[in-house]
Amino acid sequence: MATDNPVESLREEATCPICLEYFKDPVIIDCGHNFCRACIAQCWEGSDTAVSCPQCRETVQQGNLRPNRQLANVVEIAKRLSLQAAKGAGEERVCGEHQETLKLFCEEDQTSVCVVCHLSWAHRAHTVVPIKEAAQEYKVKLQGALGPLRKELEEALALMSEEEEKTTEWQRKVKNRREMITGEFNRLHTLLREEEQLLLQSLEKEERATLQRLQENITKLSQQSSSLQQLITEIEEKCQQPVVELLKDVKSTLSRSENVKLQEPEAVSTDLKDVYKISLDMNEVLKRFIVDVTLDPDTANPYLVLSEDRKRVRLRDTCQDLPDKPERFDKYAIVLGTEGFVGGRRYWEVEVGDKTGWILGVCRESVERKGERFLSPDNGYWAMCLRDEGYDARTSPPTPLPVSVRPSRVGIFLDYEVGEVSFYNVTDGSHLFTFTDTFSGTLRPYFNPDLNAGGTNAAPLIICPVPAQAGGNLCP
């Protein structure tokens with residue numbers, strides 16, 4: 001059949017019309033047609049002297065077989081050109097040894113072979129299948145390998161995303177803790193400057209070490225993701241390749257895909273070590289500003305019972321018959337301190353013991369005493385509470401506070417001019433939280449012993465006495 005490809009045209013001319021393969025020992029008969037010597041001999045086997053040409057049916061003499069050496073040379077040229085053209089097109093469709101088309105695939109040797117290779121001793125005992133069937137079978141296997149690989153890639157990317165989120169969260173925690181530490185030390189100025197630097201260095205060292213481990217996890221996951229993506233791309237490209245190229249090293253490719261095992265990242269804790277607290281005696285510093293706080297019975301909710309010295313407050317089960325004064329809180333179990341502050345620095349401590357719920361802080365004297373109000377700075381309250389086994393600052397929304405050592409005594413420090421209300425765990429000397437705001441008018445201490453919870457929270461809040469040697473009402 002005519003073709004526009006010169007190489008194909010030459011191949012057709014060099015092909016025996018009987019076996020449809022390249023001429024082997026070509027001979028020419030009387031009519032001018034050419035055949036392999038073995039092919040024409042087999043075709044005429046058993047015939048008399050007069051035989052016909054298998055191609056044109058003209059009667060010729062059986063003995064007139066003349067070697068066509070020129071055609072044999074053309075056949076060799078055609079074989080080389082076909083092999084060169086096939087390799088130039090990226091296909092090895094011709095056997096380099098026998099110059100035959102690679103039509104078969106040897107399963108044992110995992111290589112494409114021609115018919116002659118199959119009949120040789122090297123492949124005769126091997127399992128050989130048509131090359132297109134083998135290509136289809138392995139293409140299905142390769143496509144099947146893509147699913148698990150894509151799943152591994154998806155898992156790797158998800159893990160990397162989690163590590164990146166951990167990194168962001170870790171940096172946020174470090175940022176918040178750094179701001180807390182810096183603010184606390186700025187308040188104490190030169191007394192704690194050296195300690196501040198030591199703690200910040202410790203925090204920075206922990207930050208670097210943890211971030212390094214998190215980054216190593218991300219790097220490893222990124223490398224695994226790149227390898228998985230590269231293998232997936234390789235398999236996808238291989239599935240699109242011609243059969244011979246597809247089958248080349250296919251078993252190795254499958255083996256690599258089957259042996260892929262995602263290495264999960266090393267577990268890295270993102271909980272800050274509980275060492276970032278002021279190790280100097282904070283109580284000694286703060287007590288320079290300690291004041292004697294007492295409870296104001298005119299503000300106390302009717303369910304509250306105050307001690308005679310007005311230093312203790314607890315919740316009773318029944319309401320007392322008390323005058324409904326404008327300054328009395330009627331909805332919540334609140335009582336204010338008698339003392340009002342309009343400037344300076346003030347500090348007091350409250351014994352909370354083993355209570356399971358309480359609220360402490362300061363509020364504006366002008367807060368609404370009747371009805372329900374949400375505790376927040378916007379409504380004139382700067383408070384901290386324990387409730388449901390959790391500590392939080394009453395911001396809007398509330399800010400959870402990580403507390404490692406349960407405070408049995410809480411210190412409240414008001415710096416009016418700076419605009420800060422700070423809470424301290426007197427039990428271990430740690431800073432709990434600081435509100436920053438702008439104050440105006442009179443501020444008063446705030447107390448709420450919370451609900452009794454069936455008797456488990458019935459203990460009173462106790463305002464701690466002022467030491468005899470304390471600085472008293474210092475207002476620097």
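For the numbers below, each heavy atom of this structure counts, side chains included, while hydrogens, waters and symmetry mates do not. Keep in mind that this is a model prediction, so the values were computed, not measured.
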Could you walk me through whether D428 and S430 pass the side chain to side chain donor-acceptor pair (under 3.5 Å) check? CA-CA 6 Å; D428 68 350; S430 63; 2.7 Å; yes

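- Here the straight-line distance linking atom CD1 of I40 with atom CD1 of I18 works out to 4.5 Å at 0.5 Å rounding.
- Taking the side chain as every heavy atom from C-beta outward, L432 and Y391 never approach each other to under 4.5 Å.
- Classification of E137 and K141 as a salt-bridged pair holds, one side-chain N sitting under 4.0 Å from a carboxylate O.
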Steps toward side chain to side chain contact (heavy atoms under 4.5 Å, CB included) verdict (W358, V410): CA-CA 11 Å; W358 46 261; V410 175; 3.8 Å; yes

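- V174 has its side chain out of reach of L211: every pair of non-hydrogen atoms, C-beta onward, lies at least 4.5 Å apart.
- In this structure, the side chain of S255 does not engage the main chain of K251 through any donor-acceptor pair within 3.5 Å.
- Nearest heavy atoms, W44 versus S52: NE1-O, 3.1 Å.
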Evaluate T210 against Q212 for side chain to side chain contact (heavy atoms under 4.5 Å, CB included), listing each step before the verdict. CA-CA 5 Å; T210 303; Q212 180 179 352; over 6 Å; no

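- Legend: salt bridge (charged side-chain N to carboxylate O under 4.0 Å, His left out) pairs involving residues 255-267, not counting sequence neighbours, sorted by first then second residue: R213-E266, E234-R256.
- Considering only heavy atoms from C-beta on, R373 stays 4.5 Å or farther from V367 through its side chain.
- Between E21 atom CD and C36 atom SG the span is 9.0 Å, to the nearest 0.5 Å.
- Under the 3.5 Å distance criterion, the side-chain polar atoms of T399 are left unmatched by any main-chain donor or acceptor of T395.
- The minimum heavy-atom distance between G361 and W348, with the atom names listed, is O-CZ2, 4.0 Å.
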In sequence, state the C-alpha distance, the side-chain angles, and the governing distance for Y22 and R11, and then conclude on side chain to side chain donor-acceptor pair (under 3.5 Å). CA-CA 8 Å; Y22 282 118; R11 176 180 172 83; 2.8 Å; yes

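- The salt bridge (charged side-chain N to carboxylate O under 4.0 Å, His left out) pairs that include a residue from residues 61-71 are D30-R66, where partners are two or more places apart or lie in different chains.
- Panel note: side chain E163, backbone N217; no donor-acceptor pair is recorded below 3.5 Å.
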Go through it in stages, so that I can follow the logic: the residues are K166 and E169, the test is salt bridge (charged side-chain N to carboxylate O under 4.0 Å, His left out), and I'd like the CA-CA distance, side-chain angles, deciding distance and then a yes or no. CA-CA 5 Å; K166 285 183 181 179; E169 177 63 17; over 6 Å; no

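- When the shell of 6.0 Å around CD of E13 is examined, it contains 12 or fewer heavy atoms from other residues, nucleotides or ligands.
- The pair K355-D450 does not count as a salt bridge, with every side-chain nitrogen at least 4.0 angstrom from each carboxylate oxygen.
- Between L414 and F439 the shortest heavy-atom distance is CD1-CE1, 3.6 Å.
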Please test T436 against V421 for side chain to side chain contact (heavy atoms under 4.5 Å, CB included), starting from the C-alpha separation and ending with a verdict. CA-CA 7 Å; T436 301; V421 178; over 6 Å; no

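- Note on R150 versus E236: salt bridge recorded, some NZ/NE/NH1/NH2 to OD/OE distance being below 4.0 Å.
- A donor-acceptor contact closer than 3.5 angstrom links the side chains of N68 and N34.
- Taking 4.5 Å as the limit, every side-chain heavy atom of K220 sits out of range of all side-chain heavy atoms of P265.
- Taken from OG in S396 to CG in L375, the straight-line distance is 11.0 Å, to the nearest 0.5 Å.
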Go through it in stages, so that I can follow the logic: the residues are R208 and E204, the test is salt bridge (charged side-chain N to carboxylate O under 4.0 Å, His left out), and I'd like the CA-CA distance, side-chain angles, deciding distance and then a yes or no. CA-CA 6 Å; R208 284 200 307 269; E204 185 176 354; 3.3 Å; yes

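- Using a 4.5 Å heavy-atom threshold, the side chains of S422 and F435 count as separate.
- Counting all heavy atoms, side chain and backbone alike, L228 lies closest to A156 at CD1-CB, 4.4 Å.
- Looking only at atom types and distance, the side chain of Q136 has no donor-acceptor partner in the side chain of Y138 under 3.5 Å away.
- K173 places a side-chain N or O within donor-acceptor distance of the main-chain N or O of T270, the cut-off being under 3.5 Å.
- A side-chain N or O of S408 and one of T427 form a donor-acceptor pair less than 3.5 Å apart.
- A donor-acceptor pair under 3.5 Å links the side-chain atoms of N457 to the main chain of L451, judged by distance alone.
- Here E417 contributes atom CD and R345 contributes atom CZ; the two are 8.5 Å apart, rounded to the nearest 0.5 Å.
- Between V426 and G411, the shortest heavy-atom distance links the atoms CG2-N, 3.5 Å.
- Not one N or O on the side chain of D415 forms a donor-acceptor pair closer than 3.5 Å with the backbone of E420.
- Nearest heavy-atom pair across T356 and L386 is O-CG, 3.5 Å.
- Side-chain contact between Q55 and F35 is present, with heavy atoms from C-beta onward closer than 4.5 Å.
- Rounded to the nearest 0.5 angstrom, L71 CG and E76 CD are separated by 10.5 Å.
- Annotation: the span from L221 atom CG to L157 atom CG amounts to 9.0 Å, rounded to 0.5 Å.
- By the 4.5 Å heavy-atom criterion applied to side chains, E245 and K238 are not counted as neighbours.
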Could you pull out every donor-acceptor pair under 3.5 Å between side chains of residues 376-383 and any protein atom, sequence neighbours left out?
| residue | atom | partner | partner atom | Å |
| --- | --- | --- | --- | --- |
| S376 | OG | D378 | N | 3.4 |
| N379 | ND2 | F374 | O | 2.8 |
| W382 | NE1 | D437 | OD2 | 3.0 |

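- Side chain of E108 to main chain of T127: a donor-acceptor pair is present (N/O by atom type, distance under 3.5 Å, no hydrogens or angles).
- Using the six-membered ring where Trp is involved, Y347 and F413 have ring planes that are tilted, between 30° and 60° apart.
- Salt-bridge check for E179 with K175: passed, with a basic side-chain N closer than 4.0 Å to an acidic carboxylate O.
- With hydrogens and angles ignored, the 3.5 Å screen pairs a side-chain donor or acceptor of N425 with a backbone N or O of V405.
- Annotation: side chain of K103 is not in contact with side chain of P130 (no heavy-atom distance under 4.5 Å).
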Going through the distances and angles, do F433 and F423 end up as a ring-ring contact (aromatic ring centres under 6.0 Å, His included)? CA-CA 5 Å; F433 189 78; F423 296 84; 7.5 Å; no

Under the side chain to side chain contact (heavy atoms under 4.5 Å, CB included) criterion, do T15 and F23 qualify, and how do the steps go? CA-CA 6 Å; T15 300; F23 285 112; 5.7 Å; no

